[in-house]
Engineer: 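So that we are looking at the same thing, I have put the structure below in structure tokens.
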Amino acid sequence: MSKPTKKPHLLLWFSIPLIMVIGLRSPNKSLSINIYDTYVVFSTTDLTIAISVLLGLIGLGYWIIQKTSRKLT
């Protein structure tokens, strides 16, 4: 087994600062998504924070599973 598969939570947690630096480099920009007649607009700051929180929660889940000695399939 290779190292990233033994501790995937570390890979997720170490990617959070990288995403924060990239996303907060230009805080005045926005991302707009058109779904039929509806536009959804996100600021890059909000999107960066949301992705970082999601990665943190997924990493926490992996860490809890590892500490309880359960096996992922």
Engineer: Once side-chain contact (heavy atoms from CB on, under 4.5 Å) is applied, do any residues pair with Leu24, and if so which ones, sequence neighbours excluded?
Structural biologist: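 Met20, Thr45.
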Engineer: Of all residues at least two apart in sequence or in a different chain, which pass the side chain to side chain donor-acceptor pair (under 3.5 Å) check with Ser30?
Structural biologist: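 Ser30 satisfies side chain to side chain donor-acceptor pair (under 3.5 Å) with no residue once adjacent residues are dropped.
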Engineer: What's the spacing between Ile51 CD1 and Leu47 CG if we round to 0.5 Å?
Structural biologist: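 Interatomic distance, Ile51 CD1 to Leu47 CG, rounded to 0.5 Å: 4.0 Å.
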Engineer: Rounded to the nearest 0.5 Å, what separation is found between the CD1 atom of Ile58 and the NE2 atom of His9?
Structural biologist: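 Atom-to-atom, Ile58:CD1 and His9:NE2 are 14.0 Å apart.
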Engineer: At what distance, to the nearest 0.5 angstrom, does CZ of Phe42 lie from CD1 of Ile33?
Structural biologist: 5.0 Å
Engineer: To the nearest 0.5 Å, how far apart are OG1 in Thr44 and CD1 in Ile49?
Structural biologist: 9.5 Å
Engineer: What is the minimum heavy-atom distance between Asn34 and Thr38, and which atoms define it?
Structural biologist: OD1-O, 3.4 Å
Engineer: Does any part of the side chain of Thr48, heavy atoms only, come nearer than 4.5 Å to the side chain of Ile19, both counted from C-beta?
Structural biologist: yes
Engineer: Might you confirm whether atom CH2 of Trp13 has over 12 heavy atoms from other residues, nucleotides or ligands at distances under 6.0 Å?
Structural biologist: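 Yes - once you tally the heavy atoms of other residues, nucleotides and ligands closer than 6.0 Å, there are more than 12.
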Engineer: With side-chain contact (heavy atoms from CB on, under 4.5 Å) as the test, would you mind laying out the steps for Val40 and Ser32 before giving the verdict?
Structural biologist: CA-CA 6 Å; Val40 181; Ser32 62; over 6 Å; no
Engineer: Quickly, which of Leu55, Leu60, Leu54 forms a side chain to side chain contact (heavy atoms under 4.5 Å, CB included) with Leu12? Name it, please.
Structural biologist: Leu55
Engineer: Check which hydrophobic residues are tied to Ile22 through side-chain heavy-atom contacts below 4.5 Å, counting indirect links as well, and list them.
Structural biologist: Leu18
